[in-house]
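Worksheet: one structure, shown below.
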Amino acid sequence: MARLLKKCVIASGISIASFYCGIYYDKKTTSNETLFDKFKNLPGLPLYGTVSAATSFSPVPQSMNRTSQIMKYGFPSLDNVKSFSDYVLSYDRRTRVAHWVFEHLTKETVKYNDAVDRSLCNFMPDESIHHFFRAENSDYLRSGYDRGHLAAAGNHRCCQKDVEQTFYLSNMAPQVGVGFNRDSWNRLEKYVRKLTKKYINVYCCTGPLYLPRKEADGKNYVKYEVPPEAIERAAGLLFFDNVSRSKMKTINGKKS
DNA sequence: TTTATTGT
């Protein structure tokens, strides 16, 4: 992680940190009321604003259960939350880059499917976002930066629709290509997928950090081995806020 | 068993 961040900071001024925030598995069955249930009836929270509302004629959008699974342990923040078929995103209009994306990975969901063809996917603007704030392909063209996935395409290869939905530009951040997005970051993504061999449930939250950060002594710092709280403070987000820290450490789905 | 750009 250290090198990834540093490279990105130096090269682009934007550091992208996969704040892989934890693996949590609750052995009990799902409680009747999830956090999602509490939010779903609140006005003005566009949980289904992107795709499902337009594609489903069911009174209950099909992605509802999936969204509640992904967000089972809480939202890091609630700014412009958008739900896709297999990941959830909070969008930052000022930067045209997400605040965070949230994924729930299991051995089954990351399973490689030969029938899925990534080369058929196109990077596409997210039309659900007002044109003032929408990232366009022209923003990236000849910029020198890759359109780097936050929710990785390789995490959503179970069906074509899911992988296609990772190609919205709302799921991209400008990333240095050679050495970072195509190398170290790619290795990190593979590592996260590999965690599903060891843990039943892997919750992955990814987003950009804009570093370095000025600390109390007035100097700018980029630090790497840091506790989760440092990421929360730098990102302005809270991870698994409704889960006690001790429970998160001791209860997980580690496979024997 | 992946991640991408550019130019056509």
Side-chain angles (χ1 to χ4, degrees), chain A residues 1-21 23 70 84-89 91 95-98 100-126 134-210 224 255:
Chain A
M1 277 298 283
R3 287 192 186 139
L4 309 189
L5 277 168
K6 196 169 184 182
K7 275 183 189 172
C8 203
V9 170
I10 291 168
S12 71
I14 301 171
S15 66
I16 313 297
S18 172
F19 23 83
Y20 164 67
C21 11
I23 304 151
I70 297 166
F84 296 83
S85 59
D86 203 37
Y87 71 100
V88 178
L89 174 152
Y91 191 72
T95 61
R96 305 188 188 193
V97 175
W100 52 263
V101 306
F102 224 95
E103 299 166 274
H104 168 237
L105 310 178
T106 67
K107 197 176 118 186
E108 289 73 33
T109 68
V110 302
K111 193 175 178 186
Y112 190 85
N113 179 353
D114 283 334
V116 172
D117 186 351
R118 181 194 159 112
S119 70
L120 297 176
C121 297
N122 293 309
F123 292 95
M124 52 191 171
D126 185 340
R134 189 188 301 152
E136 301 285 351
N137 280 311
S138 57
D139 293 325
Y140 286 88
L141 184 64
R142 285 187 286 273
S143 68
Y145 298 109
D146 280 9
R147 294 165 289 193
H149 281 70
L150 296 174
N155 291 352
H156 304 278
R157 290 202 54 116
C158 71
C159 64
Q160 195 68 29
K161 180 190 168 196
D162 284 4
V163 74
E164 277 174 6
Q165 288 202 6
T166 70
F167 278 75
Y168 284 115
L169 294 180
S170 47
N171 183 44
M172 302 298 153
Q175 291 185 304
V176 170
V178 176
F180 187 64
N181 185 39
R182 306 178 199 182
D183 297 288
S184 298
W185 189 264
N186 188 21
R187 283 194 294 276
L188 178 64
E189 290 178 345
K190 287 175 181 171
Y191 169 76
V192 172
R193 283 195 286 279
K194 203 173 165 185
L195 289 172
T196 62
K197 295 177 188 296
K198 194 172 173 183
Y199 300 94
I200 293 167
N201 291 297
V202 175
Y203 294 90
C204 182
C205 188
T206 308
L209 290 178
Y210 300 94
Y224 303 112
K255 297 172 186 175

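Below, chains carry the letters A, B, ... as their sequence lines are ordered, and counting in each starts from 1. What's counted below: heavy atoms across the whole structure, side chains too, no hydrogens, waters or symmetry copies.
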Looking for any heavy atom pair under 4.0 Å, which part of the strands does A/G154 touch: base, sugar-phosphate only, or nothing?
sugar-phosphate
Sugar-phosphate only, base, or nothing, as touched by A/F167 at under 4.0 Å among non-hydrogen atoms:
nothing
Please list, chain by chain and in numerical order, all residues satisfying side-chain contact (heavy atoms from CB on, under 4.5 Å) with A/V110, sequence neighbours excluded.
A/L105, A/R193, A/T196
Applying side-chain contact (heavy atoms from CB on, under 4.5 Å), can you list everything that pairs with A/N137, at least two apart in sequence or on another chain?
A/F123, A/P125, A/R147, A/L169
Using the side-chain hydrogen bond (donor to acceptor under 3.5 Å, both in side chains) criterion, which residues pair with A/H156? Sequence neighbours excluded.
A/D86, A/E103
How would you list, by chain and number, every residue that makes a side-chain hydrogen bond (donor to acceptor under 3.5 Å, both in side chains) with A/S143, sequence neighbours excluded?
none
Let me know, please, whether A/D114 or A/R118 comes out on the 5' side of the other along DNA chain B by nearest nucleotide.
A/D114
Which sits closer to the 5' end of DNA chain B, A/E189 or A/L141, going by the nucleotide each is nearest to?
A/E189
Span of DNA chain B in contact with chain A (heavy atoms, under 4.0 Å):
B/dT1 to B/dG7
Are A/H149 and A/F167 close enough that their ring centres sit under 6.0 Å apart?
yes
Applying salt bridge (charged side-chain N to carboxylate O under 4.0 Å, His left out), name anything that partners A/D162, two or more places apart in sequence or on another chain.
none
